[in-house]
Asks: 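Following this message is one structure expressed as structure tokens.
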Amino acid sequence: MTSTTNLSAGLTAEQRERLMRVAHEVSFDAGTRLFEEGRRADRFWIVRTGTVALDLRVPGRRAAVVESLGYGELIGWSWHFPPYVWHLGAEAMSPVRAYEFDAEGVRAMCAQDAEFGRAIAAWVGRVVADRLHASRIRLLDLYAPYGSGSPL
């Protein structure tokens with residue numbers, strides 16, 4: 001896990017262990033929709049194997065894939081911020097195995113332990129910033145007259 005937005009970069013070993021105690025393993029077949037933009041965000045996942053595509057609805061066009069996620073990456077951040085509604089959609093592009101977390105339970109853990117809560121918030125915040133940047137570049141590549149140009 002080398003991404004700055006994956007679990008190991010975001011939390012201490014003790015915090016990771018605490019979070020992983022409430023995880024359970026799930027799997028998804030290729031083509032399975034994990035969630036839809038605009039629906040209630042009540043869980044999140046960390047990829048163990050496989051690839052998940054994040055997509056964004058674009059009026060008058062088919063959904064635009066804005067990022068692909070793999071090993072160790074967080075699927076879903078909308079569970080952390082009210083009103084707890086997905087901002088993107090997600091689909092398994094290959095068979096996926098992941099750890100699944102109940103959002104309400106993790107939010108309760110964050111409320112009970114301020115240090116843990118700050119670490120989770122900082123980790124999820126980095127993910128949000130990374131996804132926003134990736135979405136911007138992808139949409140510019142798809143729809144801007146000259147593409148995204150040089151990365152910042």
Asks: Asp113: which residues meet the side chain to side chain donor-acceptor pair (under 3.5 Å) condition with it, sequence neighbours left out?
Replies: Arg18

Asks: Hey, does Gln15 have a side-chain heavy atom less than 4.5 Å from the side chain of Thr12?
Replies: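 With C-beta onward as the side chain, the pair touches.
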
Asks: Show the nearest heavy-atom pair for residues Ala41 and Ala103, with the distance to one decimal.
Replies: O-CB, 4.4 Å

Asks: In Å and rounded to the nearest 0.5 Å, what is the CG to CG distance from Leu88 to Leu34?
Replies: 12.5 Å

Asks: Start with the C-alpha gap between Val65 and Leu54, add the side-chain angles, then the distance that decides, and say whether side chain to side chain contact (heavy atoms under 4.5 Å, CB included) holds.
Replies: CA-CA 6 Å; Val65 173; Leu54 297 178; over 6 Å; no

Asks: Under 30°, 30 to 60°, or over 60°: which ring-plane class applies to Trp123 and Phe44, parallel, tilted or perpendicular?
Replies: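 If you compare the ring of Trp123 with that of Phe44, the planes turn out perpendicular.
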
Asks: With a 4.5 Å heavy-atom cut-off, do Trp77 and His87 have their side chains touching?
Replies: yes

Asks: Would Trp86 and Phe35 count as a ring-ring contact (aromatic ring centres under 6.0 Å, His included) here? Give the steps.
Replies: CA-CA 7 Å; Trp86 295 118; Phe35 53 86; 3.7 Å; yes

Asks: Nearest heavy-atom pair of Gly70 and Val47: which atoms, and what distance?
Replies: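 Looking at all heavy atoms of both residues, the closest pair is O-CB, 3.2 Å.
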
Asks: Check whether any side-chain heavy atom of Tyr84 lies under 4.5 Å from a side-chain heavy atom of Asp42, and answer yes or no.
Replies: no

Asks: Would you say that Asp55 contacts Val66 through its side chain, given a criterion of any heavy-atom pair below 4.5 Å between the two side chains?
Replies: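 Contact flag for Asp55/Val66 side chains = no.
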
Asks: Using the side chain to side chain donor-acceptor pair (under 3.5 Å) criterion, which residues pair with Arg57? Sequence neighbours excluded.
Replies: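 Arg57 satisfies side chain to side chain donor-acceptor pair (under 3.5 Å) with Glu37 once adjacent residues are dropped.
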
Asks: I'd like a table of donor-acceptor pairs (distance under 3.5 Å, sequence neighbours excluded) in which one partner is a side-chain atom from residues 91-99, with atom names and distances.
Replies:
| residue | atom | partner | partner atom | Å |
| --- | --- | --- | --- | --- |
| Glu91 | OE1 | Arg33 | NH1 | 3.2 |
| Ser94 | OG | Thr51 | N | 3.0 |
| Tyr99 | OH | Arg48 | NE | 3.4 |

Asks: Return the set of residues passing side chain to side chain donor-acceptor pair (under 3.5 Å) with Glu100 (not counting sequence neighbours), or none when no residue passes.
Replies: His24, Arg43, Trp45

Asks: Is there a side chain to side chain contact (heavy atoms under 4.5 Å, CB included) between Leu74 and Leu69? Walk through the geometry before answering.
Replies: CA-CA 8 Å; Leu74 174 67; Leu69 305 176; over 6 Å; no

Asks: How about Met20 and Phe101: do any of their side-chain heavy atoms sit closer than 4.5 Å?
Replies: yes

Asks: State, with a plain yes or no, whether a side-chain heavy atom of Phe28 is found less than 4.5 Å away from one of Val52.
Replies: no

Asks: Applying ring pair (Phe, Tyr, Trp, His ring centres under 6.0 Å), name anything that partners His80, two or more places apart in sequence or on another chain.
Replies: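 If we apply the ring pair (Phe, Tyr, Trp, His ring centres under 6.0 Å) test to His80, skipping adjacent residues, there are no hits.
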
Asks: Should Val22 and Asp102 count as side-chain neighbours, where that means a heavy-atom distance under 4.5 Å?
Replies: no

Asks: Side-chain heavy atoms nearer than 4.5 Å, only ILVMFWY residues, links allowed to pass through others: does that put Val85 and Ile75 together?
Replies: no

Asks: Among all residues two or more places apart in sequence or in another chain, which pass the side chain to side chain donor-acceptor pair (under 3.5 Å) test with Gln112?
Replies: none

